[in-house]
Amino acid sequence: MNFDLSDEHHMFVSAIERFAAPIDVAARRRLRLSPAGYDRARWTQLADMGLIALAAGADAGGLGGSAVDLALVAQAIGAANAPDPLIELGILPALLLERGGAGAALEGVLAGTTIATLAWTERGQRYSLNATGMKADQNADGFALTGEKTMVPGALLADLFIVTADVGGATACFLVPKDAPGLCLRAYRLADGSIAGELTLARTPATARLALDNAGLAAMAADMRLYAAAEMVGLSQRLLDDTLAYVKQREQFGIAIGSFQALQHRLVDCYARQEQSRSMLYRAMLTDRADAATWHRAAAGAKAFIGENSNAIAREAVQMHGGMGITDELAIGHALKRVLVLDRLFGDADTALADYALAA
Amino acid sequence: MNFDLSDEHHMFVSAIERFAAPIDVAARRRLRLSPAGYDRARWTQLADMGLIALAAGADAGGLGGSAVDLALVAQAIGAANAPDPLIELGILPALLLERGGAGAALEGVLAGTTIATLAWTERGQRYSLNATGMKADQNADGFALTGEKTMVPGALLADLFIVTADVGGATACFLVPKDAPGLCLRAYRLADGSIAGELTLARTPATARLALDNAGLAAMAADMRLYAAAEMVGLSQRLLDDTLAYVKQREQFGIAIGSFQALQHRLVDCYARQEQSRSMLYRAMLTDRADAATWHRAAAGAKAFIGENSNAIAREAVQMHGGMGITDELAIGHALKRVLVLDRLFGDADTALADYALAA
Amino acid sequence: MDMDFSSQDIAFRNEVRAFLQNNLTDRLRDGARRTPSVFVEPDIGMEWHRILYRQGWVAPHWPKEDGGTGWSPTQKFIFERECALAGAPALSILGLRLVGPVICAFGTPEQKARFLPRILSGDDYWCQGYSEPGSGSDLASLKTSARLEGGDYVINGSKIWTTHAHHADWIFALVRTDATVKKQAGITFLLVPMDQPGISVTPIPSMSGDHEVNAVFFTDARTSAENRIGAEGQGWSIAKFLLENERGGSCYAPRLLQSIGRLEQLAQTQPSGSGGMIGHDPRFRDRLARVRLEAEALEITELRILAELAKGRAPGPQTSLVKLLGSNIGQRIDTLRLELLGPDALQLPLERPLYGNEAPEPVGSEDAQTAMIQYLNNRAATIFGGSDEVQKNIIAKTVLGL
Amino acid sequence: MDMDFSSQDIAFRNEVRAFLQNNLTDRLRDGARRTPSVFVEPDIGMEWHRILYRQGWVAPHWPKEDGGTGWSPTQKFIFERECALAGAPALSILGLRLVGPVICAFGTPEQKARFLPRILSGDDYWCQGYSEPGSGSDLASLKTSARLEGGDYVINGSKIWTTHAHHADWIFALVRTDATVKKQAGITFLLVPMDQPGISVTPIPSMSGDHEVNAVFFTDARTSAENRIGAEGQGWSIAKFLLENERGGSCYAPRLLQSIGRLEQLAQTQPSGSGGMIGHDPRFRDRLARVRLEAEALEITELRILAELAKGRAPGPQTSLVKLLGSNIGQRIDTLRLELLGPDALQLPLERPLYGNEAPEPVGSEDAQTAMIQYLNNRAATIFGGSDEVQKNIIAKTVLGL
């Protein structure tokens with residue numbers, strides 16, 4: 001039994017800290033306010049650090065990082081309040097393309113030269129993975145896709161869309177390049193400053209179908225729940241640390257507000273939540289993956305639990321920062337908004353909690 | 001618009017205060033520890049004060065109190081932490097017998113000479129009013145009842161049982177005297193110190209069937225929810241008042257514990273709950289009864305809301321009293337236990353809240 | 001006991017309803033509904049302000065002789081409630097509820113004549129210079145200074161969280177005129193014109209992307225000594241008078257119940273993703289029901305305070321209770337709205353305004369377009385105007401005697 | 001990173017499991033399960049105590065030379081966990097966890113020889129004289145006095161919340177031997193025989209109807225000066241040493257998870273009254289799931305502390321965190337049990353014990369018979385052994401640096 005980071009883990013974490021350090025809040029705002037909500041050059045640097053390649057096995061050209069490695073990386077991204085959509089645009093497509101056998105596309109994704117994104121959300125399906133509003137019809141040349149998706153991450157960065165669609169009642173994944181005929185994208189901004197999109201396809205030909213069934217999609221969602229939870233643990237640590245620092249230096253009535261007992265007890269509640277979140281993250285990331293049901297359940301539970309705790313810590317962080325907390329000028333607001341987005345990635349707290357409870 | 005008590009209401013309230021004052025905690029314990037959990041002579045006094053008669057109309061030999069009158073009486077019983085089961089053994093049977101047209105039985109109940117109780121709870125039906133475990137079979141002489149009931153209030157005091165039973169799919173009410181053949185009673189103690197019973201009937205003849213259908217039972221339950229809520233508002237006021245008094249005089253580290261800000265803010269939360277509970281009680285008791293659905297909904301909502309608040313205040317009262325709070329030697333513990341019972345009378349918080357939400 | 005209005009009050013209510021029916025245009029209602037920030041934008045707010053001004057109803061809280069309506073507490077309550085129920089824009093409180101009553105109570109006849117009519121007509125837009133970077137809850141520690149030079153006060157320092165300073169013609173400010181006495185005793189209340197070189201305004205962007213509040217910097221800014229309200233050193237008691245008004249909003253419930261009603265409608269039409277609608281999920285349904293109960297109770301709590309006022313009794317610190325409850329219930333509603341609207345509620349458009357012809361197309365629905373902005377902006381509800389913590393300190397001390 | 005035990009530790013775990021399988025009788029398990037008070041009744045507890053004594057496993061927390069097991073922190077944890085999972089009775093901590101380690105650490109060789117073997121064997125039953133009516137969280141303000149007369153201390157005063165004083169042979173007590181110095185400096189730690197005319201014990205009935213705690217009155221009670229642990233005035237540092245042990249329980253999760261598992265079973269068999277079982281009501285189901293997640297997280301929090309201990313690092317005030325979390329999760333479980341069991345959970349029998357041949361027949365089920373007693377008794381979990389408020393003060397100061 002050992003909960004200390006290995007030397008290699010320490011290396012990842014410090015690499016991310018160094019990478020994120022120059023991006024202060026003002027720089028983060030500028031980056032997020034840019035048209036695509038992010039910077040492609042920065043993405044290349046991230047890939048060059050090998051952080052995307054961690055998500056794929058050595059056979060597939062990756063660095064073969066484990067779920068533990070990836071979770072610790074995601075946590076470090078959160079703790080640094082980094083603006084990088086590593087989990088949505090890096091880990092997620094890498095996992096899907098490797099597991100779906102799309103080696104050529106994977107290579108570009110790992111190198112950071114291709115940005116791929118998964119289009120799965122449908123308005124009428126809320127957080128369900130079942131595609132019903134996008135149909136794939138087989139023809140002589142392969143598949144053509146028709147339908148609508150919403151909340152497609154990184155819409156203005158993506159070169160390649162991985163689109164879930166209904167094929168005779170099952171949900172399958174198809175590759176559609178951004179310049180495919182019939183593809184129409186309407187971009188909009190999300191709470192974390194990233195740009196998402198509504199994607200409409202009209203008889204748009206897919207360049208490939210991934211070798212991935214519903215179970216494969218469910219496994220990807222479980223992975224993503226873990227990494228979203230990990231990033232939230234990092235974010236809430238940052239929120240708590242910044243708030244502790246603030247209440248120690250902010251004075252009212254001649255004394256630091258951190259000396260008020262009512263705030264102290266609430267901060268202890270936040271601390272307890274954070275320690276419990278961290279424990280739950282460790283539990284989920286160290287769960288044996290031999291049995292898919294057990295591991296999916298652990299990921300669902302961790303996401304529900306950590307999402308609730310991180311939101312609670314974020315709200316307290318804002319409240320204790322007073323007026324400063326609701327500006328866009330501190331990490332606090334940025335972290336709160338990122339938590340709101342991650343908490344709803346592949347299911348909000350109600351959805352994830354129900355998945356956990358029903359899998360018992 | 002007027003939320004002040006009328007002179008008449010003030011009169012009721014002071015009468016109850018005077019009646020309850022001699023029963024300090026030690027006396028209350030003795031009374032509750034007695035075999036029947038209560039004292040029949042005290043019940044007669046209560047009846048002599050006209051408090052049971054309030055529940056019936058003048059035509060039926062009562063004093064014609066309104067729902068507002070009865071709610072204020074129940075609230076005063078709670079505020080006094082009085083040990084008197086007025087709502088279960090006084091108001092409830094009076095309402096049922098009057099509405100069900102059982103004038104002769106009603107007379108004794110109003111006078112306090114007959115104690116009647118409603119046997120409605122069934123283990124398999126939880127908080128539902130539908131009787132399925134007690135069947136009424138019609139024969140030449142009337143009805144004979146067979147089945148089981150649980151949590152029958154005042155089991156060892158009751159002269160007369162009003163028993164709900166299934167008659168061809170509908171639920172009806174029957175009168176069964178305590179010495180009826182085939183009646184078997186097993187008494188047990190409830191959290192508030194009262195004695196309830198498991199009642200078994202085997203081909204027991206009923207002396208009468210009340211002229212009351214399912215709607216009549218539902219109306220009675222709505223009434224009882226209001227009065228249970230009212231008694232809880234009184235109890236939580238008492239819990240809050242006692243706790244405020246305690247934290248002002250109890251010293252630790254040389255100062256009153258009420259000067260600790262963390263306790264102060266929690267006490268403000270309790271105060272806010274209590275004010276909101278009182279408002280909700282007023283809302284429900286002043287709701288126009290012309291439309292049954294509206295009024296039943298208001299009663300369900302009030303009970304769910306007030307139950308939650310009263311429980312929360314009771315838990316804080318115990319916590320802030322420290323060791324003294326968990327003894328049986330203060331009003332605190334007695335009030336908490338009574339709240340636990342009332343919160344489950346005619347449905348716990350989940351049941352009442354669902355009734356409220358579904359009636360929208 | 002009863003909770004009914006008198007027949008005179010019902011007649012008044014009907015008069016208000018008829019007026020609203022005839023004067024509250026769809027444009028105003030739409031602007032109000034689609035303004036997710038705490039303060040309504042001036043174009044919408046001032047248009048409604050001028051309509052009420054023409055009716056003589058713009059300042060119910062002023063003395064009748066100064067341009068108020070002469071309404072009873074109950075009538076004021078009914079008016080506020082009906083405006084909320086009809087979806088009318090909220091008026092800026094800065095002139096009408098904050099500095100106006102101060103001038104009515106403490107101003108000279110000349111000051112009243114100069115300032116009050118222009119507040120009533122909407123010709124002057126005001127902002128408030130209270131908080132400073134180092135002085136939030138501990139307002140009396142403020143440092144912005146003013147010294148008398150000839151007939152002018154010369155002002156140096158800065159104010160923060162100044163709502164709509166970028167729209168304002170005037171600022172009312174607390175300044176320190178004497179640093180040698182007890183901190184509360186050295187404070188003076190000044191009215192200062194915004195359009196002068198000594199004042200600069202810097203936006204403070206909120207995390208929702210809105211520009212509502214500002215930092216205001218005073219560098220040898222000037223105002224005539226005639227613009228001092230009350231005496232030098234009287235500023236603290238004026239400030240307290242004003243804060244009571246700011247915290248005195250006692251009519252949260254109608255707007256809260258309107259919002260809840262909207263969520264109930266939406267819950268019947270938003271698919272849960274697992275068959276049926278979100279409103280049928282007992283977990284969400286019960287959370288929404290619990291918030292409704294809280295708001296229904298608050299409605300009566302507000303009526304109980306009104307009943308006290310109507311009897312001529314001072315409601316006192318119970319307004320703190322209403323502020324505390326109202327703002328927290330509002331935040332619970334915001335959270336439920338985010339839950340309800342699912343993925344669409346993650347959008348956070350930066351364009352403003354969201355009403356009118358220039359407004360961006362919403363993703364999914366108009367409700368979804370504003371849900372996140374409302375959630376983020378309304379975090380301020382428990383911070384500004386006396387934070388939750390300040391309200392709890394007040395109640396603990398004055399109501400509970402702790 | 002991993003959360004696996006080593007193969008040696010797994011071998012130890014198997015040894016413990018085999019022992020439990022062979023020695024933990026149904027009678028003991030039943031007695032433990034049906035004891036709804038905080039402390040197990042002595043007949044059950046001491047029977048199990050003697051079985052462990054014979055095995056040499058009764059005092060894992062003592063130094064090996066004094067009769068301890070010589071186990072590593074991980075082995076101690078595994079033993080505690082396996083006992084919890086097997087449903088073993090909890091041992092009285094008063095001798096083994098509280099006064100025993102004090103005597104090991106501060107006692108003379110003579111004191112060790114006299115007291116330790118009888119604690120190990122179970123021949124002496126102990127109780128604790130710490131709190132006084134006026135001294136709860138502020139323990140150092142205690143007033144019970146002792147003065148040396150010849151070779152004896154003569155003790156006057158009273159103690160409160162004395163668990164099982166009515167069963168005890170000895171009490172360890174903090175007394176004031178010097179009222180002229182700083183309050184912490186005048187305190188001495190004495191061992192006092194209970195069977196003497198100067199001591200009287202008065203039950204304090206709990207609201208559950210249990211008799212666990214007492215008031216103990218000292219009227220010229222005596223104990224030999226040989227029964228003083230440490231020096232005069234050293235009592236406060238001994239008390240702190242002891243309180244660390246009391247608060248040091250770091251293995252809440254296994255018992256909590258056992259209780260949750262039981263509720264999950266019951267939820268599948270308790271009719272909801274509206275068709276189906278309570279466990280299918282998404283509201284109840286989710287509340288139960290949330291508590292399970294909290295307990296699962298706590299299990300890892302405990303393992304994280306254990307991992308620190310196993311590396312020889314002091315876990316420090318993290319035990320306060322575990323106490324805070326464990327007691328609150330326990331209370332949430334109690335509340336869910338009441339909800340789950342519906343009307344039957346309102347029964348509150350006053351007969352004791354609830355196991356054995358004399359036990360009253362339960363109404364509905366055995367779970368229902370004890371649910372209310374557990375709920376009521378366990379309100380103490382957040383009060384005794386350092387209240388929530390005290391734990392939060394400790395964490396705020398020592399962990400968060402506030």
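Just so we're on the same page: letters track the sequence lines, and every chain starts at 1.
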Query raised in the report: Do A:Gln319 and C:Glu389 have side chains that get closer than 4.5 Å, going by heavy atoms?
Result: yes
Query - Within 6.0 Å of CD in C:Glu358, more than 12 heavy atoms from elsewhere - result: no
Query raised in the report: Any side-chain heavy-atom pair from C:Leu338 and A:Asp348 closer than 4.5 angstrom?
Result: no
Query raised in the report: Counting heavy-atom pairs under 4.5 Å to chain A, which of C:Pro360, C:Pro349, C:Ser272 comes out on top?
Result: C:Ser272
Query raised in the report: Using non-hydrogen atoms only, which part of A:Ala354 is less than 4.5 Å away from chain C: side chain, backbone, both, or neither?
Result: both
**Report entry** Test item: C:Pro271 and A:Gln125 side chains (from C-beta on) under 4.5 Å apart, heavy atoms
**Finding:** no
Query raised in the report: If you count heavy-atom pairs under 4.5 Å with chain A, which of C:Pro343, C:Gly136, C:Gly134, C:Gly273 comes out on top?
Result: C:Pro343
Requested in this report: Take A:Ile326 and C:Val213, measure what side chain to side chain contact (heavy atoms under 4.5 Å, CB included) needs, and give me the verdict at the end.
Outcome: CA-CA 11 Å; A:Ile326 59 163; C:Val213 295; over 6 Å; no
**Report entry** Heavy-atom side-chain proximity of C:Leu346 to A:Tyr188 below 4.5 angstrom
**Finding:** no
Report task. Can you tell which part of C:Asp210 gets under 4.5 Å to a heavy atom of chain A, answering side chain, backbone, both or neither? Result -> neither
Report task. Give, as side chain, backbone, both or neither, the part of A:Ile257 having an atom under 4.5 angstrom from any heavy atom of chain C. Result -> neither
**Report entry** Toward chain C, the part of A:Arg32 with a non-hydrogen atom under 4.5 Å
**Finding:** neither
**Report entry** Residue selection (most heavy-atom pairs with chain A, distance under 4.5 Å) from C:Glu339, C:Lys183, C:Lys392
**Finding:** C:Glu339
Report task. Name the region of C:Ser137, side chain, backbone, both or neither, that has any atom closer than 4.5 Å to a heavy atom of chain A. Result -> both
Query - Contact leader toward chain A among C:Pro362, C:Ser208, C:Ala345, where contacts are heavy-atom pairs under 4.5 Å - result: C:Pro362
Query raised in the report: Tell me, side chain or backbone of A:Leu330 under 4.5 Å from chain C's heavy atoms, or both, or neither?
Result: neither
Query raised in the report: Side chain, backbone, both or neither: which part of C:Ser131 has a non-hydrogen atom closer than 4.5 Å to chain A?
Result: neither
Query raised in the report: Does some side-chain heavy atom of A:Glu251 sit less than 4.5 Å from a side-chain heavy atom of C:Ser141?
Result: no
Report task. Could you look at C:Leu139 and say if it's the side chain, the backbone, both or neither that has a heavy atom under 4.5 Å from chain A? Result -> neither
Report summary line: So, the part of C:Glu361 with a heavy atom under 4.5 Å from chain A: the answer is both
Query raised in the report: Taking C-beta and beyond as the side chain, do C:Met207 and A:Ile332 meet within less than 4.5 Å on heavy atoms?
Result: no
Query raised in the report: Considering only heavy atoms, which portion of C:Arg283 lies under 4.5 Å from any heavy atom of chain A: side chain, backbone, both, or neither?
Result: side chain
Report summary line: Scanning both residues in full, the closest heavy-atom pair of C:Met372 with A:Ala191 reads CE-CB, 3.6 Å
**Report entry** Interatomic distance, A:Lys337 atom NZ to C:Tyr375 atom OH [nearest 0.5 angstrom]
**Finding:** 12.5 Å
**Report entry** Over 12 non-hydrogen atoms of neighbours within 6.0 angstrom of NZ in C:Lys143
**Finding:** no
Report summary line: Whatever's closer than 4.5 Å to a heavy atom in chain C on A:Ala196 counts as neither
Query - C:Thr335 and A:Asn311, any side-chain heavy atoms less than 4.5 Å apart - result: no
Requested in this report: Heavy-atom distances under 4.5 Å only: say whether C:Pro133 touches chain A with side chain, backbone, both or neither.
Outcome: backbone
Query raised in the report: Side chain, backbone, both or neither: which part of A:Leu336 has a heavy atom under 4.5 Å from chain C?
Result: side chain
Requested in this report: For each of C:Ile204, C:Val363, C:Ile160, tally heavy-atom pairs with chain A at distances under 4.5 Å, and name the one with the top tally.
Outcome: C:Val363
Query raised in the report: Between A:Leu340, A:Leu345, A:Leu263, which shows the greatest number of heavy-atom pairs under 4.5 Å with chain C?
Result: A:Leu340
